[in-house]
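Written below as structure tokens is the structure these notes are about.
Because the structure is a prediction, the values reported are computed rather than measured.
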Amino acid sequence: MPKDWLTLSWKALVARGLAAIVFGIAAMVWPVATAIALALLWGVWALVEGVGSFAQAFQPGTSGWARFALIAMGVIAFLVAFFAIFSPAVTAVALTWILGLWLIVRGGFEAVAAFTTSTVVPRWLLVLSALLDFVLGVLFVANPGKAAVGIAVVLGITAFLWGVVFLVTGFIVRRNLAEGPVSVPSSA
């Protein structure tokens, strides 16, 4: 039987499923710690981004304007990284606040688009999307701390459900492999 990504290793699918379930449970049990950990990871990413910008700025052949832009981006990345690494709780709240503002603005644009564009999508769906974005944005801006925790819980639920799907898929693949080769109809 030809092997595809599902049949390569049912054990890998089960392991991935278990890891996702454990992560999901941990994120739901400790949502504040999860939000802080995500802010820390974002800070580390910003630090690496800053190093990369500086390294690229001083490559031979980099023009004056490009060098200036890369150095500026590197400095900003270092400032963000410093803030995120040394104040991750504040960073998580700030990122949630920014997400809220973005959702409010996005909701406004979607509402305008619902009545100004010609589309095959029913306008009520666009209006519903705009309202959802706007309401979530207002909720995030009104209480960014609780929203950051809420995002961590939703991430945990998503990871948990994803893990269950991988776990079940792994055991189904194991059962099907134990039963012998399966004839796959060819599409002609």
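Listed by first then second residue, pairs satisfying side chain to side chain donor-acceptor pair (under 3.5 Å) with a partner in residues 129-145 read Arg106-Asp133, Glu110-Ser129, not counting sequence neighbours.
Linking ILVMFWY residues whenever their side-chain heavy atoms come closer than 4.5 Å, directly or via other members, leaves Val32 and Leu38 in distinct clusters. Leu103 and Ile151 fall within a single hydrophobic cluster, where Ile, Leu, Val, Met, Phe, Trp and Tyr are joined by side-chain heavy atoms under 4.5 Å apart, directly or via other members. Taken together through direct or relayed side-chain contacts under 4.5 Å among Ile, Leu, Val, Met, Phe, Trp and Tyr, Ile25 and Val22 form parts of separate hydrophobic clusters. Hydrophobic clustering (ILVMFWY, side-chain heavy atoms < 4.5 Å, transitive): Leu95 and Phe140 are in distinct clusters. Ile36 and Leu41 fall into different hydrophobic clusters, where Ile, Leu, Val, Met, Phe, Trp and Tyr side chains are chained together by heavy-atom contacts under 4.5 Å.
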Test Phe115 against Leu126 for side chain to side chain contact (heavy atoms under 4.5 Å, CB included), laying out the working first.
CA-CA 9 Å; Phe115 297 103; Leu126 294 173; over 6 Å; no
Determine, stepwise, if the pair Val14 / Phe166 fulfils side chain to side chain contact (heavy atoms under 4.5 Å, CB included).
CA-CA 6 Å; Val14 169; Phe166 268 100; over 6 Å; no
Would you list the atom pairs, donor with acceptor, under 3.5 Å between side chains in residues 57-86 and any protein atom, with sequence neighbours excluded?
{"from": "Gln59", "atom 1": "NE2", "to": "Ala55", "atom 2": "O", "distance (Å)": "3.4"}
{"from": "Thr62", "atom 1": "OG1", "to": "Gln56", "atom 2": "O", "distance (Å)": "3.3"}
{"from": "Thr62", "atom 1": "OG1", "to": "Gln59", "atom 2": "O", "distance (Å)": "2.9"}
{"from": "Ser63", "atom 1": "OG", "to": "Ala66", "atom 2": "N", "distance (Å)": "3.4"}
{"from": "Arg67", "atom 1": "NE", "to": "Ala57", "atom 2": "O", "distance (Å)": "2.7"}
{"from": "Arg67", "atom 1": "NH2", "to": "Ala57", "atom 2": "O", "distance (Å)": "3.4"}

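In this structure, OG1 on Thr169 lies 10.0 Å from CZ on Arg16, to the nearest 0.5 angstrom. The distance from the CG atom of Leu47 to the CH2 atom of Trp42 is 12.0 Å, given to the nearest 0.5 Å.
Residues Gly163 and Ala20 come closest through the heavy atom pair CA-CB, 3.5 Å. Listed here is the closest heavy atom pair of Thr34 and Ala26: OG1-O, 4.0 Å. Between Ala148 and Thr96, the closest heavy-atom pair is CB-OG1, 3.3 Å. The shortest heavy-atom contact between Ala92 and Ala35 is CB-O, 3.9 Å. In terms of heavy-atom proximity, Ala130 sits nearest to Gly107 at CB-O, 3.3 Å.
Side-chain contact between Val149 and Lys146: absent, with no pair of heavy atoms (C-beta onward) separated by less than 4.5 Å. Leu136 places a side-chain heavy atom less than 4.5 Å from the side chain of Leu132. With a 4.5 Å cut-off on side-chain heavy atoms, Leu13 and Phe171 do not count as touching. Taking the side chain as every heavy atom from C-beta outward, Leu155 and Phe23 approach each other to under 4.5 Å.
Residues satisfying the side chain to side chain contact (heavy atoms under 4.5 Å, CB included) test with Val141, not counting sequence neighbours, are Trp97, Leu101, Ile104.
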